[in-house]
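Along the sequence shown, the residues carry numbers beginning at 1. Hydrogens, waters and symmetry mates are skipped; everything else that's a heavy atom, side chains included, is used.
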Amino acid sequence: MPTYRDEVVVLRTHKLGEADRIVTLLSRRHGKVRAVAKGVRRTSSRFGARLEPFMVADVLLYQGRSLDIVQQADSLGAYGADIALHYDRYTAAHAMVEAADRLSDSEATTPQYLLLLGGLRALARGEHASRSILDSYLLRVMALSGWAPGLEACARCGRVGEHTSFVAQLGGMVCPDCAPVGSARVDAETLRVLRALMTGEWDVVDGASAGAGGAASGLIAAYTQWHLERGIRSLEHLGTFAPPPQQPTAVQTMERTP
């Protein structure tokens with residue numbers, strides 16, 4: 001059987017036997033990969049710590065029939081430790097990898113890998129509020145998967161205008177003629193935050209009020225879970241939106257490679 005090498009983000013792990021683990025990986029070139037990491041639960045394991053959730057590694061894999069086998073793993077980004085120190089970062093990271101896991105059941109793409117990588121790096125560094133990083137990731141990864149929400153024109157009829165209703169089932173913002181009774185109302189600031197999260201205008205996101213940020217988070221969670229057709233369990237453990245403390249760090253795009 002052939003071997004191959006790729007860069008991966010570890011999404012989740014499961015115990016196998018007494019010393020092994022099954023690891024689910026999102027790779028840069030081969031999509032989602034499930035592989036066995038033998039002996040990684042032993043204290044003498046050479047690369048067990050490199051195959052924990054949220055870690056980024058360069059791995060050598062042996063191609064198997066149902067599960068591949070990890071033969072080598074070299075760390076490229078040790079984000080797990082910094083993320084685990086903060087509950088908000090930890091829960092946001094879990095929601096991100098859970099969404100990535102579900103969206104990449106079909107063939108994943110390099111942009112999806114890079115987006116997740118950038119999001120985890122931003123969480124580890126605390127560049128912005130954890131919920132904002134998660135919200136931006138969810139909007140962008142949905143767009144990469146073909147489900148970009150309509151935020152500029154009516155998602156149903158295409159009518160251009162500053163609409164005030166958001167309907168996840170219809171694909172985003174909708175005009176008054178298309179909005180069903182009881183549709184969620186969106187004020188101008190919340191709509192501005194949604195657009196900024198999609199385009200990466202972090203000065204707008206970081207300066208948003210708690211009300212607008214929280215409203216945007218709720219709409220994004222509803223939209224994502226509707227199109228995934230199942231809930232993201234980690235979202236239940238996330239706190240409400242809170243603006244981040246002011247830091248003199250440069251704004252960095254989430255797609256940049258490490």
State which residues pass side chain to side chain contact (heavy atoms under 4.5 Å, CB included) with A81; sequence neighbours excluded, sorted by chain then number.
none

Is the shortest heavy-atom distance from the side chain of S136 to the side chain of W202 under 4.5 Å?
yes

Using a 4.5 Å cut-off between side-chain heavy atoms of Ile, Leu, Val, Met, Phe, Trp and Tyr, which other residues end up in the same hydrophobic cluster as V160?
none

Could you pull out every donor-acceptor pair under 3.5 Å between side chains of residues 168-183 and any protein atom, sequence neighbours left out?
unit_1: D177; atom_1: OD2; unit_2: R159; atom_2: NH1; d: 3.3
unit_1: S183; atom_1: OG; unit_2: P180; atom_2: O; d: 2.5

So, does T110 use its side chain to make a donor-acceptor pair with the main chain of R28 at under 3.5 Å?
yes

Nonpolar side-chain network containing L16, other nodes, edges under 4.5 Å
I22, V36, L67

Strictly distance-based, threshold 3.5 Å: is any side-chain N or O of T224 a donor or acceptor partner for the main-chain N or O of I220?
yes

With the side chain counted from C-beta on, respond yes when P53 and L11 share a heavy-atom pair under 4.5 Å apart, and no when they do not.
no

With a 4.5 Å heavy-atom cut-off, do F54 and V97 have their side chains touching?
yes

Is a side-chain N or O of Y223 found less than 3.5 angstrom from the main chain of W147, in a donor-acceptor match?
yes

Trace of the side chain to side chain donor-acceptor pair (under 3.5 Å) decision for R185 with T164
CA-CA 6 Å; R185 304 287 290 180; T164 59; 3.3 Å; yes

Only counting residues at least two apart or in another chain, list the ones meeting side chain to side chain contact (heavy atoms under 4.5 Å, CB included) with D68.
Y4, V33, A35, L61, Q63

Okay, side chain of D20, backbone of G39: is any donor-acceptor separation there less than 3.5 Å?
yes

SB check R12 E52 (cutoff 4.0 Å)
no

Tell me if the aromatic rings of H86 and Y90 count as close, with their centers under 6.0 Å from one another.
no

Using a strict 4.0 Å threshold on nitrogen-to-oxygen distance, state whether R195 and E189 make a salt bridge.
no

Go through the steps for L103 and V141 under the test side chain to side chain contact (heavy atoms under 4.5 Å, CB included), then give the verdict.
CA-CA 8 Å; L103 284 167; V141 78; 3.5 Å; yes

For the CZ atom on R41, are there more than 12 heavy atoms of other groups (residues, nucleotides or ligands in this structure) within a distance under 6.0 Å?
yes

Would you please name every residue forming a side chain to side chain donor-acceptor pair (under 3.5 Å) with T24, sequence neighbours left out?
none

Less than 4.0 angstrom from a charged side-chain N to a carboxylate O is my criterion; do K32 and D101 meet it?
yes

Does H30 offer a backbone N or O that forms a donor-acceptor pair with the side chain of D6 under 3.5 Å?
yes

Is there a side-chain contact between L219 and T190, using heavy atoms and a 4.5 Å cut-off?
yes

Heavy atoms, side chains only, cut-off 4.5 Å: are V167 and R156 in contact?
no

